[in-house]
Amino acid sequence: MKKMLALVLAAVMAFSMAACGGGSGSTATSGATSTDSTAASGSTASATGVTVQVGPNPETLDPALNSAIDGANMLITAFEGLLIVDENNQVQPGQAESYEVSEDGLTWTFHLREGLKWSDGTDLDANDFVYTYKRVADPNTAAPYSATAVGMIAGYDEAMNGDPDALQVEAPDPLTFVVHLSYPCTYFDKLAAFATLSPVQQETIEANGDSWATAPETYVSNGPYYMTEWTVGQQIVFSKNPYYKGGWDTSKIVSETITFLLMEDSTAAYTAYTTGQAQLIKDVPTEEIPSLTKAEDGGDFYVDPIMGTYYLSMNDQVEPFNDVNVRKALSLAIDRDYVANNLMQGTYSPAYKLTGPGITDADGSAYMDNSDYDVIPTDYEEAKKQAQEALAEAGYPNGEGFPTITYSTNDSGYHKAVAEYLQQCYKEVLGINLDVEVVEWSSFTPLRRAGDYQMARNGWVFDYNDPSSMLELFMTGNGNNDGKYSNPEYDAMMDNTKIADKDERFANLHAAEEIAMEDYAMIPLAFYNDFWLQSSSLKGSWHSPYGYWYLQYAYVE
């Protein structure tokens with residue numbers, strides 16, 4: 001068993017080292033696993049299509065409201081934005097066949113393909129993107145990604161104050177969509193490919209309200225596949241869209257259906273895989289990992305780095321978490337090396353910083369290597385000592401008088417094991433008690449977003465290769481700021497990143513991250529890797545460093 005764990009850890013380290021190099025520009029070189037993604041029409045595709053498991057019943061499949069990886073995996077199958085991201089992690093034409101940026105970087109003009117249609121056969125044009133972008137900015141929509149996706153567009157503040165028409169996007173003609181920014185945003189092309197900004201049909205939403213995204217009959221999309229079945233708690237089936245036109249090569253879209261099994265129980269997912277029902281499962285039972293053979297050794301167990309961090313949120317607006325010394329104690333009491341390499345069996349890497357491997361800096365080097373703050377000691381004995389001192393400084397020496405904490409988590413992967421470790425760790429190191437509350441996945445993210453918790457399991461995978469994708473989460477009022485952290489100094493520094501000077505911008509990003517870390521705004525625990533089981537019969541799919549499985553070209557041989 002120890003030998004197998006060592007092999008898994010070695011694979012993770014090798015992959016992580018590759019990811020750290022990043023790319024020479026603003027997009028990292030992908031470490032994605034691709035399986036014969038050049039499959040052409042006429043291949044021996046299974047008549048029954050492809051079946052995968054990437055998570056349980058999604059909280060939502062409304063592009064504007066989704067903030068989860070499992071939902072995003074389905075959205076990139078059913079929708080297509082102005083641009084797409086290919087298997088090399090490069091931005092490519094999508095619904096827009098081309099675009100240009102003004103010399104001052106403030107005006108982005110997208111030229112749409114002719115003959116675009118929705119999955120119901122009706123026409124799609126630039127006005128649909130105008131509606132979509134304004135809907136994301138509309139406070140009545142309450143889009144978690146609102147500030148991240150469209151906050152740099154001129155008129156955003158007015159839109160968020162109740163006038164979405166103030167957002168400076170326009171369609172001078174049906175094939176032209178123009179975006180006017182309030183400041184240069186060099187990664188706006190990646191946002192144009194982001195699932196949140198997938199076009200949605202105004203007529204359908206106005207006729208059906210929020211329920212439009214809950215049934216195949218009203219779930220109108222524009223991607224290579226469209227929804228034909230949703231059996232809650234069982235499966236969602238997408239069928240090939242006969243009206244699709246866009247950035248994906250239609251000659252390579254060969255499977256008639258893609259079925260997503262909705263399973264939260266990893267044992268059930270594993271059974272679906274071993275019986276041949278599913279060709280790919282994301283939720284692998286952790287107890288099975290030591291017996292699995294890595295793909296590079298001829299097996300079907302894949303470990304691939306993704307750009308993201310497993311962290312813990314504390315509700316900073318309630319006692320005792322509004323005390324920085326309490327937050328410091330709760331963070332430094334944790335043995336991150338033990339969590340990553342023992343509890344998580346080496347499938348993740350210990351995190352002593354917030355922004356991890358794969359993210360590039362202004363000069364193309366590894367952003368993490370240039371973060372020179374030293375907030376979390378790597379020497380665990382020193383970290384424990386500082387944790388105990390911080391708790392005493394907060395007025396709770398040896399945990400005396402400290403209230404019992406309720407820790408909320410969902411029950412999958414390593415989450416429950418981490419919760420049980422925290423119970424033991426906090427009792428032994430700090431002398432405090434922690435209760436564990438297990439919450440069903442469909443209720444878990446709304447609970448965190450509403451701040452209806454004390455302390456909770458959290459995590460974030462980057463949506464684009466820029467530190468702001470993570471750092472914006474901790475700005476006051478951000479829709480994904482689950483910890484409700486608010487620091488005017490941090491907000492001001494993040495506002496100072498909205499500038500054209502690239503070197504100064506990244507210096508300010510580093511400074512902002514240091515502020516949040518010294519304030520213990522969150523507790524980074526481990527850097528993510530995705531691990532999954534994939535049958536050798538599944539061809540044409542690939543895995544991206546953002547945690548997505550691209551299934552547009554997938555087929556079963």
Side-chain angles (χ1 to χ4, degrees), residues 32 34-35 37 39 45-46 48-87 89 92 94-95 116-120 124 193-201 213-216 218-231 235-250 252-263 278-282 461 463 530 532 534 538-544 546-556:
S34 177
T35 310
S37 59
S46 168
T48 57
V50 171
T51 300
V52 301
Q53 181 272 334
V54 297
N57 208 65
E59 176 194 354
T60 178
L61 285 182
D62 184 329
L65 300 181
N66 177 71
S67 62
I69 287 288
D70 55 342
N73 269 286
M74 299 177 197
L75 291 177
I76 63 173
T77 304
F79 287 90
E80 180 171 299
L82 292 163
L83 305 174
I84 61 173
V85 179
D86 68 12
E87 63 184 292
N89 204 31
Q92 301 290 351
Q95 296 289 275
L116 296 176
K117 292 186 180 296
W118 295 102
S119 58
D120 63 1
L124 184 158
F194 185 29
T196 296
L197 296 180
S198 300
V200 291
Q201 191 180 67
T214 63
T218 55
Y219 198 66
V220 179
S221 62
N222 72 319
Y225 288 84
Y226 74 107
M227 187 190 296
T228 50
E229 178 191 335
W230 186 346
T231 305
Q235 65 182 24
I236 297 178
V237 180
F238 292 92
S239 298
K240 190 189 297 186
N241 179 5
Y243 298 107
Y244 171 71
K245 183 177 184 180
W248 302 111
D249 184 345
T250 54
K252 298 178 183 178
I253 302 171
V254 294
S255 291
E256 289 300 321
T257 61
I258 297 176
T259 300
F260 291 88
L261 299 180
L262 306 177
M263 296 176 173
Q279 293 81 48
L280 180 155
I281 62 167
K282 176 182 180 181
V461 177
D463 298 300
D530 263 342
W532 72 97
Q534 179 173 330
L538 179 60
K539 307 294 184 181
S541 67
W542 66 88
H543 176 254
S544 87
Y546 301 113
Y548 302 146
W549 280 269
Y550 282 84
L551 302 168
Q552 286 85 346
Y553 299 157
Y555 66 98
V556 177

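- Listed for the N73 side chain is a donor-acceptor partner under 3.5 Å among the backbone atoms of I69.
- Side chain of N241 to backbone of Y226: no donor-acceptor contact under 3.5 angstrom is found.
- Judged by distance alone, with hydrogens and angles left aside, the side-chain atoms of E256 form no donor-acceptor pair with the main-chain N or O of K240 at under 3.5 Å.
- The shortest heavy-atom contact between T257 and S239 is CG2-OG, 3.8 Å.
- Contact check for I281 versus W532: no side-chain heavy atoms found under the 4.5 Å cut-off.
- The CG atom of D86 sits 7.0 Å away from atom CH2 of W248, with the distance rounded to the nearest 0.5 Å.
- Within the 4.5 Å cutoff, the side chain of T250 has no heavy atoms near those of the P224 side chain.
- The shortest side-chain heavy-atom distance between M74 and N66 does not fall under the 4.5 Å cut-off.
- Put simply, OG1 on T51 and CG on L261 are 6.0 Å apart, with the number rounded to the nearest 0.5 Å.
- In this pair, Y550 and W542 present their aromatic rings parallel. The plane angle is below 30°, not in the 30 to 60° band.
- For L538 against Q534, the heavy-atom pair with the smallest separation is O-NE2, 3.8 Å.
- For the pair F238 and A78, the tightest heavy-atom approach, listed with the atom from each and the gap, is CE2-CB, 3.6 Å.
- Here D249 contributes atom CG and Q552 contributes atom CD; the two are 12.0 Å apart, rounded to the nearest 0.5 Å.
- When every heavy atom of W230 is checked against every heavy atom of P58, the shortest pair comes out as CZ2-CG, 4.0 Å.
- A distance-only check finds a donor-acceptor pair linking the side chain of E80 to the backbone of Q95 [under 3.5 Å].
- One distance of note links CE of M227 with OG1 of T218; it measures 8.5 Å at 0.5 Å rounding.
- Taking each heavy atom of P63 and L75 in turn, the nearest pair found is CA-CD1, 3.8 Å.
- Listed by chain and number, the residues in a side chain to side chain donor-acceptor pair (under 3.5 Å) with Q279 amount to none (sequence neighbours excluded).
- Relative orientation of the H543 and W549 rings is tilted, given thresholds of 30° and 60° on the angle between their planes.
- Side-chain N or O atoms of T60 include one that pairs as donor or acceptor with a backbone N or O of D62 at under 3.5 Å.
- Formation of a donor-acceptor pair under 3.5 Å by the S119 side chain with backbone atoms of S221 is found in this model.
- Taking CZ of F260 as the reference point, atom CG of D70 lies at 10.0 Å (rounded to 0.5 Å).
- Judged purely by distance below 3.5 Å, without hydrogens or angles, the side chains of E87 and Y553 never pair a donor atom with an acceptor atom.
- Atoms CG and CD1, from N57 and I236 in turn, are 6.0 Å apart once rounded to the nearest 0.5 Å.
- The shortest heavy-atom contact between I76 and Y548 is CD1-CB, 3.8 Å.
- The closest donor-acceptor contact from the side chain of S255 to the backbone of A554 lies under 3.5 Å.
- Checked by atom type and distance alone, the side chain of Y219 pairs as donor or acceptor with a backbone atom of L61 at under 3.5 Å.
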